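Any value given below was found using the heavy atoms of this structure, including those in side chains, with hydrogens, waters and symmetry copies removed. Being a predicted model, the structure only gives us computed values, none of them experimental.
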Amino acid sequence: MFSRLVFGLGLLSATALVHPALAADARTLQIIVSKDKQSLVVYDGTEVVAASKVSTGKDGHTTPSGIFSVLEKQKYHESNLYSAAPMPFMQRLTWSGIALHESNSVPRYPASHGCVRMPGAFAKMLYGMTDPGIPVIISDSELVPRPIDHPTLFHPDAPAAMPLLSDVELRPSMPDSPEKPVQVAMNDTAAIPMPAAQPIAAPEPEPPSEPISMLITRRTSREMVIDIQTLLNQLGFPAGNPDGLLGPSTVQAIKAFKTLRPAEFAGDRSLVSDTLLREVYAAAGKGEPPNGVIMVRQAFKPIFEAPVTIANPRLALGTHFFTLHAVDEKAGTADWLGITLENNLSRETMKRLGITNQESSIIAGEPIARSLSRITIPDETRRKIDALIAPGSTLTISDTGLGRETGEGTDFITITRG
């Protein structure tokens, strides 16, 4: 009832309504902007804590839909694109010019040049609530985060229970009868065998200081080349630093590898191909090459990436976004929230990615569960990520990879409609 009340009043008055228990540094907030409702809603978990009307981009300057995060904040900013137009309480979403900011004109219909305009009082309040990295979802239609429990999602390892003097026989503190003397332990170590020393429970690990952001997507030629370079180096063909670039060392190593296997590469004129990837994997004893990748960032910086496997790759994964609301280290549990965005793949994109069916991208049934069930993450990678997750961590699943807006000083930015 409280959430519905806040949502309704917030949109009518366009003034900030904030739950009194909400800490200024809360790290599980997420912002959802609905273009069809021309609204902005701030969630803490599944609870609405603030809401307002907004104005998004008008025709010819449409605000892109997708998954963003706050990259930079400035109390007073002037537009670099539109005649130094004032943009107070600016919260940048892309380095190409999309932001949340205050405006004197918020008519509750598309009116901006691409940014998300907010009324002054609300923009100031929201500026005080957020930190860099807070997720911002801009969607064509209204979205609400829902709890999601699935074995593919990450959770902390519950600490193993430690035995406490399990082999020591305990004696009663009172005698069985008033006449029977009480036995008292004597300081005679020769006569009384000492119990074996028991391990002391390790102190609870410190939670990670920063949440992480993750992206699961299809592998591109870059990831293929990194794999080829890594495995060729292991096989004794010097391919240089695994950087995904086809430099002279890598080209020479590929040609040397192919020269020793003329039958396998007969008729294969391309330097890098699926055939090359399979043959390199087979030569290294690695089995079938993976077709997906998980990338991890922390504080806008890449941490690591690792291969994953996507079942039925000709079916679109869709676009899904997850936030980690709470973690119980002792129980080894994690409370994830998820939403599904519209997945607008062009024919050209589907052809490039080898997708023949986009059924799973339609918002119907359980698209999140279907997509999660198709993803297999190696145990070693899972353990590494389980040790890193913290409240506020995010996971994006997307067919389309990093995207042009993802770069230095960003989390993973996924554009679903430009």
Side-chain angles (χ1 to χ4, degrees), residues 11 14 29-42 50-127 129-130 132-143 300 319 321 339 341-346 349 396 398 400-418:
L11 293 182
L29 298 182
Q30 61 177 316
I31 297 170
I32 298 181
V33 176
S34 167
K35 291 198 288 188
D36 66 345
K37 298 289 186 180
Q38 291 292 289
S39 66
L40 182 154
V41 183
V42 185
S52 173
K53 68 175 183 178
V54 297
S55 286
T56 59
K58 58 188 177 182
D59 288 345
H61 300 277
T62 304
T63 302
S65 299
I67 301 164
F68 308 86
S69 61
V70 172
L71 307 179
E72 178 189 45
K73 298 173 62 174
Q74 293 182 14
K75 288 186 177 180
Y76 186 79
H77 178 76
E78 294 183 349
S79 172
N80 298 321
L81 301 176
Y82 299 105
S83 305
M87 300 168 62
F89 299 105
M90 185 275 294
Q91 303 193 55
R92 182 184 297 278
L93 305 183
T94 72
W95 294 114
S96 63
I98 304 300
L100 312 172
H101 66 83
E102 174 191 341
S103 176
N104 293 326
S105 175
V106 187
R108 197 160 186 182
Y109 55 77
S112 79
H113 285 84
C115 288
V116 178
R117 295 180 182 175
M118 301 175 290
F122 184 86
K124 182 177 181 180
M125 182 278 301
L126 185 66
Y127 189 93
M129 291 173 63
T130 63
I134 180 176
V136 179
I137 312 302
I138 301 177
S139 65
D140 297 337
S141 57
E142 187 177 10
L143 296 176
F300 299 151
T319 303
F321 182 71
I339 57 175
L341 288 78
E342 291 186 43
N343 204 40
N344 303 292
L345 299 180
S346 66
T349 300
T396 300
S398 171
T400 54
L402 287 174
R404 291 182 298 174
E405 294 287 356
T406 301
E408 291 188 11
T410 75
D411 278 330
F412 299 109
I413 298 176
T414 299
I415 304 296
T416 57
R417 189 186 296 276

Task: Separation between CD of Q38 and NZ of K53, rounded to the nearest 0.5 Å - done: 10.5 Å

Task: side chain to side chain contact (heavy atoms under 4.5 Å, CB included) evaluation trace for L93 with I138 - done: CA-CA 10 Å; L93 305 183; I138 301 177; 3.9 Å; yes

Task: Steps toward side chain to side chain contact (heavy atoms under 4.5 Å, CB included) verdict (E405, S96) - done: CA-CA 8 Å; E405 294 287 356; S96 63; 2.6 Å; yes

TODO: Please round to the nearest 0.5 Å and tell me the distance separating atom OG of S55 and atom NZ of K35.
DONE: 13.5 Å

Task: Partner residues of S103 under the side chain to side chain donor-acceptor pair (under 3.5 Å) criterion, sequence neighbours left out - done: none

Open item on the list: I need the I67 CD1 to T396 OG1 distance, nearest 0.5 Å.
Closed with: 4.0 Å

Open item on the list: If we ignore hydrogens and angles and just use 3.5 Å, is the side chain of T406 paired with the main-chain N or O of I413 as donor and acceptor?
Closed with: yes

Open item on the list: Can you tell me if N104 has over 12 outside heavy atoms packed within less than 6.0 Å of its CG?
Closed with: no

- [ ] Take atom NZ of K124 as the centre, draw a 6.0 Å sphere, and report whether it contains more than 12 heavy atoms from other residues, nucleotides or ligands.
- [x] no

TODO: In sequence, state the C-alpha distance, the side-chain angles, and the governing distance for K73 and T130, and then conclude on side-chain hydrogen bond (donor to acceptor under 3.5 Å, both in side chains).
DONE: CA-CA 9 Å; K73 298 173 62 174; T130 63; 3.2 Å; yes

Task: R117 CZ to L100 CG distance, which is reported to the nearest 0.5 Å - done: 13.5 Å

- [ ] Spell out, as yes or no, whether a donor-acceptor pair under 3.5 Å connects the side chain of R417 to the backbone of N344.
- [x] no

- [ ] Check for a donor-acceptor pair, side chain of S69 on one end and backbone N or O of I134 on the other, with a separation under 3.5 Å.
- [x] no

Task: Check: S65 main-chain N/O paired with T416 side-chain donor or acceptor under 3.5 Å - done: yes

Task: Over all atoms of both residues, closest heavy-atom pair of F300 and V70 - done: CZ-O, 3.4 Å

Task: Spacing of M90 atom CE and K75 atom NZ [to the nearest 0.5 Å] - done: 13.5 Å

Open item on the list: If you compare all heavy atoms of P64 against all heavy atoms of I98, which two are closest, and at what distance to 0.1 Å?
Closed with: CD-CD1, 3.9 Å

Task: F89: partners by ring-ring contact (aromatic ring centres under 6.0 Å, His included), with sequence neighbours left out - done: Y127

Task: Separation between CZ of F68 and CZ of R92, rounded to the nearest 0.5 Å - done: 13.0 Å

Open item on the list: Assess the residue pair E72 and Q91 against the criterion (side chain to side chain contact (heavy atoms under 4.5 Å, CB included)); give the C-alpha distance rounded to whole Å, side-chain angles, the decisive distance to 0.1 Å, and a yes or no.
Closed with: CA-CA 6 Å; E72 178 189 45; Q91 303 193 55; over 6 Å; no

Task: Shortest non-hydrogen contact from M125 toward A50 - done: CE-CB, 3.9 Å

TODO: Answer yes or no: is there a donor N or O on one side and an acceptor on the other, between the side chain of S112 and the main chain of T56, under 3.5 Å?
DONE: yes

Task: T414 versus S398, closest heavy-atom pair with distance - done: CG2-OG, 3.7 Å

Task: Minimal non-hydrogen separation, F122 against A51, with atom names - done: CE1-O, 3.4 Å

TODO: For L126 and M118, work out which heavy atoms get closest and say how close.
DONE: CD2-SD, 3.6 Å

- [ ] Evaluate the side-chain hydrogen bond (donor to acceptor under 3.5 Å, both in side chains) criterion for residues D36 and S141: first the C-alpha distance (whole Å), next the side-chain angles of each, then the deciding distance (0.1 Å), finally the verdict.
- [x] CA-CA 5 Å; D36 66 345; S141 57; 5.2 Å; no

Task: Flag, side chain of T349 to backbone of L345, donor-acceptor distance under 3.5 Å - done: no

